[in-house]
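Working notes, beginning with the structure itself.
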Amino acid sequence: MKAAVWKALSALLIAAFVALFAIGLTGGCTGMIETAAGGQVPMKCHWAFLATSYVAAIGAIAGLLALFTSQLMARRVACIMAMAAAVVAGLLPSPLGIGVCASAEMSCNASALAVFIASAVGFAIALVLCIKADPQAADKPKRSL
């Protein structure tokens, strides 16, 4: 893969994780749940989106590593790390992770959909980068019959 294409795709990967980070910081409901003791705690969607923002930060770091390294194995490790971060970020607001509010009218359900889309985009870009990670692939001879 040419260096310019690699840098552009790496920048898109970083942008996907920055979008996940922003959604994670703003996506949860602002409502509170009253405990039996009389205190109040945030809803579970608050914690799901907070965890999503932490995982997105790790994914953005993986994107930066992919952007600035030129060795094959380092690029692949960064891309695999980004794919794992995208999968975890996508699972956190789902029932397999922490989950979001059960009510469909809550704003966190729309934010969860945005998280799923952004993580799917991040995973797809990281997968392409992982497959095309060899910086010398264009210089290698092609097979012929």
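Atom set for the values below is all heavy atoms of this structure, side chains included, hydrogens, waters and symmetry mates excluded. A quick note: this is a predicted structure, and the numbers were derived from the prediction, not measured.
Separating the CZ atom in Phe17 from the CG atom in Leu64 is a distance of 11.0 Å, to the nearest 0.5 Å. Of the inter-residue distances, the one linking Leu129 atom CG with Leu67 atom CG reads 10.0 Å to the nearest 0.5 angstrom.
Counting all heavy atoms, side chain and backbone alike, Met32 lies closest to Gln40 at CB-OE1, 3.9 Å. Ala126 and Met83 get closest at one heavy-atom pair: CB-CG, 3.4 Å. Between Ile131 and Arg76, the closest heavy-atom pair is O-NH2, 4.4 Å. The two residues Gly63 and Leu13 have their closest heavy-atom pair at CA-CD2, 3.9 Å. When all heavy atoms of Pro93 and Gly90 are compared, the closest pair comes out as CD-O, 3.7 Å. Counting all heavy atoms, side chain and backbone alike, Ile98 lies closest to Ala51 at CD1-CB, 4.2 Å.
Ser94 places a side-chain N or O within donor-acceptor distance of the main-chain N or O of Leu91, the cut-off being under 3.5 Å. Looking at Arg75, its side chain never comes within 3.5 Å of a backbone N or O of Ala66 through a donor-acceptor pair.
Met73 shares a hydrophobic cluster with no other residue; no ILVMFWY side chain has heavy atoms under 4.5 Å from its own.
Applying the side chain to side chain donor-acceptor pair (under 3.5 Å) rule to pairs touching residues 46-68 yields nothing, sequence neighbours excluded.
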Could you tabulate the donor-acceptor pairs under 3.5 Å formed by side-chain atoms of residues 99-124, not counting sequence neighbours?
residue: Ser103; atom: OG; partner: Glu105; partner atom: N; Å: 3.4
residue: Ser103; atom: OG; partner: Glu105; partner atom: OE1; Å: 3.2
residue: Asn109; atom: ND2; partner: Ser103; partner atom: O; Å: 2.5
residue: Ser111; atom: OG; partner: Gly27; partner atom: O; Å: 3.3
residue: Ser111; atom: OG; partner: Ser107; partner atom: O; Å: 3.4
residue: Ser119; atom: OG; partner: Val115; partner atom: O; Å: 2.4
residue: Ser119; atom: OG; partner: Phe116; partner atom: O; Å: 3.4

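A 6.0 Å sphere centred on CD of Gln71 holds no more than 12 heavy atoms belonging to other residues, nucleotides or ligands.
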